[in-house]
Amino acid sequence: MGPQSTPDLSTQASSPSLSTVAIVGLGTMGTGIAEVLTRAGREVIGIDTDEAAARRAVSALEAATARAVQRERLTERERQDALARFRTFTDLQAAADADLVIEVVPEDYELKRQVFAELDAVVRPDTILATGTNALSVTRLAADSQRPERVLGVHFFNPAPAMKLVEVVSSVLTAPTAIAAVTELARDLGKDPIAVGDRPGFVADGLLFGYLNQAAAMYESKYATREDIDAAMRLGCGLPMGPLALLDLIGVDTARTVLEAMYAESQDRLHAPAPILGQLAQAGLTGRKAGRGFYTYDAPGWGHLPAVAGGATVVPDAESPAAVDELAGGRPVSGVGVAGSGTMASGIAEVFAKAGYKVVLAARSLEKAEKAKARIAKSLGRSVDKGRMTAEARDAALAAITPAGSLDAFADVDLAVEAVAEDLAVKQELFTTLDKVCKPGAVLATTTSSLPVVACARATSRPQDVIGMHFFNPAPAMKLVEVVRTVLTADDVHATVRAVCAKVRKHPVDCGDRAGFIVNALLFPYLNNAIKMVEEHYATLDDIDAAMKLGGGYPMGPFELLDVVGLDVSLAIEKVLHAEFRDPGLAPAPLLEHLVAAGCLGRKTGRGFREYAARR
């Protein structure tokens, strides 16, 4: 549907310059777009039937440009010129001289259709009409217009002055010259436009809202608390906001509208709005704008993304976790055993040693264990070189690590952590051995990211002592640990691991023993859906990666991340999720399976979704 990459601008010579732009709807988004346009030298006609909204838009523009002057991003003369270019009206007749009209009225099809019908009778024949929708059909709006070839979508992201992405949306009816003109305008505004076809959510929201929906369903099922879900995705994936906080920012009602539109087209159960979204919306608990949604806020209001500016303040409510003493109720731990010799095992051993624990690092041979300790020495050396630790602290941490060639060396440890291959049979055999060599009362932990913890526990005679302790790679840098209780895990074992996490300065989040835990259960369906977009020729790898980095604040695009994680690892996790939840929408994308079968596993093989320089 529609163009798949940035359009050919060879027709620009015949495209309008779009020097005068009308904005219909002066809410948060409309006001933000007006600011971008006026500061870029465009004449802006702001139209809103609510005079108070128009006054707020003028005040917001005055305040925003004053801040820009204070930060020396504008001169006072430039500010005055920008303010002079913004005029407000309450009647659509004011759009008569506009080269481009962008409507950003509420997400209601009948309201938008009425706006377009009135504009048809007002604007010039060559004027481009753009909708700011991210959920409704651009094609349907175009078909109902008298000039379907001049209708398209232009989707800015909130807050518009700060966010770089603009999705330029064409229907099958849109003229290439209109797309070229709006794309050129977006570039002139300092934005990064990507061209996409007409389907609900387009690229960024099409991927984002499925993820948000699954997070809402996870919270609704009481699998994890709202705080733990949000912390897991911020700390485990480097996202600027957790999904439930983001739903509150977007508006729970808005999110539900987008998901309904997506589900109507895809019939994918992952897009069927979680019931909690409807319940909150019907109760008027629509998020920040109402002062309450998944969280409770000090006052109603939109706020902004934390990466851009301070937002509304969350205040305690009935669901807020009570303050607890993380060190109370657990078993004493002074000695830790780490089983494995790979990157994860050595990283975990480093974390414990730096926190003052005595560490036994056991591998299949003493030579492998000593190589793992040498890797730790290099890592600690880099920390000293960067001024993150002293040479004395490095030496103390290294002295605390004893390499061993057998698990027999775990006889006296209080906590044993395995970080061996992600193979259930291998882990079960290891836990059978730990059961024999570890002293009574020792806590036995697995770092699995996808296998059932209880299956490891049942390989021992003490399943109550077994728990999941999922570190993220690289363990020394990543703050998150998913603490995974089985139905058999003892309370004091759970308390012990929470206390250990606090001592090693990691952030623990609690979850139950099911596939993917929190992070992978939310992350990998999103990655899988990105692959499906490419399979369907809806957008390119580059456009999808750009959309999620620029529009969603993701540190990496989905295809960059897949190639780093490894396509084989990603496929294995997708298969585990599909087997556990039996949801057709979780079935691994065929393209992922084909690439793995071809040996294209990502950066580690030099080719995955992209090609990389050969590794030396």
Side-chain angles (χ1 to χ4, degrees), residues 1-6 194-197 199-211 214 237 262 265-271 421-426 448-451 473 515-516 519-549 552 554-615:
M1 295 173 62
Q4 306 308 311
S5 57
T6 302
I194 63 171
V196 295
R199 73 183 199 183
F202 314 130
V203 172
D205 286 352
L207 293 176
L208 178 66
F209 278 86
Y211 150 71
Q214 288 177 281
C237 296
M262 291 173 64
E265 178 166 312
S266 71
Q267 296 296 297
D268 186 334
R269 283 174 53 197
L270 298 178
H271 298 151
E422 194 75 344
D423 181 293
L424 185 56
V426 171
T448 184
S449 63
S450 57
L451 300 174
N473 198 28
V519 173
N520 285 349
L522 296 178
L523 174 65
F524 279 88
Y526 148 77
L527 296 175
N528 201 41
N529 285 336
I531 301 170
K532 291 177 183 177
M533 274 191 177
V534 170
E535 283 182 333
E536 295 162 3
H537 303 287
Y538 177 66
T540 66
L541 300 177
D542 290 344
D543 280 351
I544 294 172
D545 276 356
M548 297 317 296
K549 288 190 290 184
Y554 282 61
M556 299 178 78
F559 297 101
E560 290 177 278
L561 182 56
L562 282 159
D563 279 353
V564 168
V565 170
L567 272 56
D568 51 341
V569 173
S570 301
L571 177 60
I573 294 172
E574 292 285 0
K575 286 181 174 178
V576 168
L577 290 172
H578 186 227
E580 175 106 332
F581 298 106
R582 312 294 177 89
D583 192 317
L586 295 175
L591 177 57
L592 179 62
E593 296 186 295
H594 295 162
L595 287 169
V596 171
C600 302
L601 308 183
R603 285 186 176 271
K604 59 189 174 185
T605 60
R607 183 177 176 187
F609 283 97
R610 294 184 174 90
E611 291 191 21
Y612 302 89
R615 295 187 63 174

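Just so you know, residue 1 is the first one in the sequence shown, and it goes up from there.
Within the model, atoms CE of Met262 and CD of Gln267 stand 12.5 Å from one another, a figure rounded to the nearest 0.5 Å. Distance CG/Leu567 to CD/Glu574: 10.5 Å, rounded to 0.5 Å. For the atom pair CD of Glu560 and CD1 of Ile544, the computed distance is 12.0 Å after rounding to the nearest 0.5 Å. In this structure, CZ in Phe581 is found 11.0 Å from CZ in Arg269, a value given to the nearest 0.5 Å. Here Met548 contributes atom CE and Leu527 contributes atom CG; the two are 10.0 Å apart, rounded to the nearest 0.5 Å. With rounding to the nearest 0.5 Å, the separation of CG in Leu541 from CG in Leu562 is 10.0 Å.
Val596 is listed as a side-chain neighbour of Leu601, based on a closest heavy-atom distance under 4.5 Å. Contact annotation: the side chain of Thr605 never approaches that of Tyr612 to less than 4.5 Å [non-hydrogen atoms, C-beta and beyond]. Looking only at side-chain heavy atoms (C-beta outward), Ile194 and Phe202 stay at 4.5 Å or farther from each other. Side-chain contact between Lys604 and Val569 is present, with heavy atoms from C-beta onward closer than 4.5 Å. With a 4.5 Å cut-off on side-chain heavy atoms, Tyr526 and Leu561 do not count as touching.
Closest of all the heavy-atom pairs between Val203 and Met533 is O-CE, 3.6 Å. Across every non-hydrogen atom of Glu265 and Pro200, the tightest pair is OE1-CD, 3.0 Å. Closest heavy-atom contact between Cys237 and Val519: SG-CG1, 3.7 Å. Considering every non-hydrogen atom in both Leu586 and His578, the closest pair reads O-CB, 3.7 Å. Listed here is the closest heavy atom pair of Glu593 and Pro588: OE1-O, 4.1 Å. Residues Leu592 and Leu571 share a closest heavy-atom pair of CD2-CA, 3.9 Å.
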- Using the side chain to side chain contact (heavy atoms under 4.5 Å, CB included) rule, take Asp543 and Val196 through it: C-alpha gap first, then chi angles, then the decisive distance, then the call. CA-CA 9 Å; Asp543 280 351; Val196 295; 5.8 Å; no
- Message: side chain to side chain contact (heavy atoms under 4.5 Å, CB included), that's the test. Do Leu577 and Glu580 meet it? Break it down for me.
- Response: CA-CA 5 Å; Leu577 290 172; Glu580 175 106 332; 5.9 Å; no
- Going through the distances and angles, do Tyr554 and Leu208 end up as a side chain to side chain contact (heavy atoms under 4.5 Å, CB included)? CA-CA 10 Å; Tyr554 282 61; Leu208 178 66; 3.9 Å; yes
- Item | Derivation and outcome, side chain to side chain contact (heavy atoms under 4.5 Å, CB included), residues Arg199 and Glu536 | CA-CA 12 Å; Arg199 73 183 199 183; Glu536 295 162 3; 2.7 Å; yes
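Arg610 places no side-chain N or O within 3.5 Å of a backbone atom of Arg607 that could act as its donor or acceptor partner. At distances below 3.5 Å, at least one donor-acceptor pair connects side-chain atoms of Asn528 with backbone N or O atoms of Ala589. Between the Glu422 side chain and the Ser450 main chain, a donor and an acceptor come within less than 3.5 Å of each other. Although no hydrogens or angles enter the test, the distance criterion places a donor-acceptor pair under 3.5 Å between the side chain of Asp563 and the main chain of Phe609.
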